[in-house]
There are 2 protein chains.
Amino acid sequence: MSQQEKIMEEFRSVFNKLVWLNRGEMEEALKGHKSSEVHCIEYIGKHVDPNVTRLAEAFYMTRGAISKITKKLLDKGLIESYQSSENKKEIYFRLTPEGRNVFEIHENLHRSFRERDDVVFEKVSAEQYASMSRFLDAYNRHLDAEIDKQGIMLQDRPNPE
Amino acid sequence: MSQQEKIMEEFRSVFNKLVWLNRGEMEEALKGHKSSEVHCIEYIGKHVDPNVTRLAEAFYMTRGAISKITKKLLDKGLIESYQSSENKKEIYFRLTPEGRNVFEIHENLHRSFRERDDVVFEKVSAEQYASMSRFLDAYNRHLDAEIDKQGIMLQDRPNPE
DNA sequence: CTCATTTTGTTTCCTTGTCAACAAAAATTA
DNA sequence: TAATTTTTGTTGACAAGGAAACAAAATGAG
């Protein structure tokens, strides 16, 4: 196995474990709310004028899926929607006080995850941080370019009918 | 945002893009086979005496889900099952020639993904590799310990009935 | 050995997300 | 301006995966 494959394998392993572990704790702490709902609450709490389309792009999900989640959050009274006077098409969301409460719990939990993993990160030197960040930045830019390429290829496909 | 959070954020971003991009190319190249099916084929092709339980553990999925996927692969004739004479409970899988074919296509695609991303990795020095690997190893071990802890806590919960 | 417990695989029901079709509004083009 | 195209959000049909209940086999305790 190449260095590249070895790194990516470890990378994947860490990621999967994190998702699994954090989701479990999250759903235990925020019983009654699914992790996808909490993700939406987090995004809505941190951005201005978020709508279905922005949420979908942020989470690599379809607008349909997000539409259903926000509908549930509206029903639960965790978010509310509003519109601008200039645009009667887009529908934005904001947190209600109850939603803000869930948001805070989520933030605290995130802090506790961070603290849980501190032992690992406190051994990382400034140079190591910089080095990893350089690598991840480069990889991110590379993948953005590849996704763009893919997007163009899909768009240019002639319509068969 | 702390160094830790910044790194993890970039980490997450790279990972999501990789999954999205590779899955798309994979499903285009292997039309008719879902990516989860191909993952199972890959695992079965690379391990000895794989069964439903091993696959579930490897992919952090339930045995029920894997059972359904292997059923589909059996129906498609991509894998076949066999049992040992000492154990009449466990059911193992192996690839058929057709499954082996899908396996090879998948491997080639993986190679092409690796080559696609080579530009990023060829800029990584040996020391950078070592440094990242140390970090990922430590993180992996830490998470394993935390998952263990979680498992014990779930097991030790007194049964209410 | 015998009985209880654990492991393994399957099935049913339910939830979640995708896909495709759609309607309304906005943006673009002629 | 008028007509076309794109964007936005929603819905219904469908597929994938999880939870739980189950049966059969293996393991363990006595």
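All values below come from the heavy atoms of this structure, side chains included, with hydrogens, waters and symmetry mates left out.
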Chain A vs DNA chain D, heavy-atom contacts under 4.0 Å, first-to-last nucleotide span, 5' to 3', is D/dT7 to D/dA13
Between side-chain atoms of residues 94-102 of chain B and protein atoms elsewhere (two or more places apart, or another chain), which donor-acceptor pairs fall under 3.5 Å?
from    : atom 1 : to      : atom 2 : distance (Å)
B/Arg94 : NH1    : B/Glu80 : OE2    : 3.2
B/Thr96 : OG1    : B/Gly77 : O      : 2.6
B/Thr96 : OG1    : B/Leu78 : O      : 3.0
B/Thr96 : OG1    : B/Glu98 : N      : 3.4
B/Thr96 : OG1    : B/Glu98 : OE1    : 3.1
B/Thr96 : OG1    : B/Gly99 : N      : 3.1

Which ones in residues 74-85 of chain A lie close to DNA chain D, meaning a heavy atom under 4.0 Å from one of its atoms?
-> none
Going by number, which of residues 46-54 of chain B have a non-hydrogen atom under 4.0 Å from DNA chain D?
-> none
For B/Asp49, salt bridge (Lys or Arg N to Asp or Glu O under 4.0 Å) partners two or more places apart = none
By salt bridge (Lys or Arg N to Asp or Glu O under 4.0 Å) - contacts of A/Arg116 (at least two apart) | A/Glu25
Give each protein N/O atom lying under 3.5 Å from an N/O atom of nucleotides 3-6 of chain C, with the pair distance.
none

Through what angle, rounded to 10 degrees, does the axis of the helix from C/dC1-D/dG30 to C/dA30-D/dT1 turn between its ends, using five pairs per end?
-> 30°
Would you tabulate the nitrogen or oxygen pairs shorter than 3.5 Å linking the protein to nucleotides 11-15 of chain C?
from   : atom 1 : to      : atom 2 : distance (Å)
C/dT12 : O4     : B/Lys68 : NZ     : 3.4

Show which side-chain atoms of residues 33-42 of chain A pair as donor or acceptor with protein atoms under 3.5 Å away, not counting sequence neighbours.
from    : atom 1 : to      : atom 2 : distance (Å)
A/His33 : ND1    : A/Lys76 : NZ     : 3.2
A/Glu37 : OE1    : A/Lys76 : NZ     : 2.5
A/Glu37 : OE2    : A/Lys72 : NZ     : 2.8
A/His39 : ND1    : A/Ser35 : O      : 3.3
A/Glu42 : OE2    : A/Lys46 : NZ     : 3.3

How would you list all residue pairs meeting salt bridge (Lys or Arg N to Asp or Glu O under 4.0 Å) that involve residues 120-132 of chain A, not counting sequence neighbours?
-> none
Quick one: salt bridge (Lys or Arg N to Asp or Glu O under 4.0 Å) pairs with a partner in residues 53-66 of chain A, sequence neighbours left out?
-> A/Arg54-A/Glu57
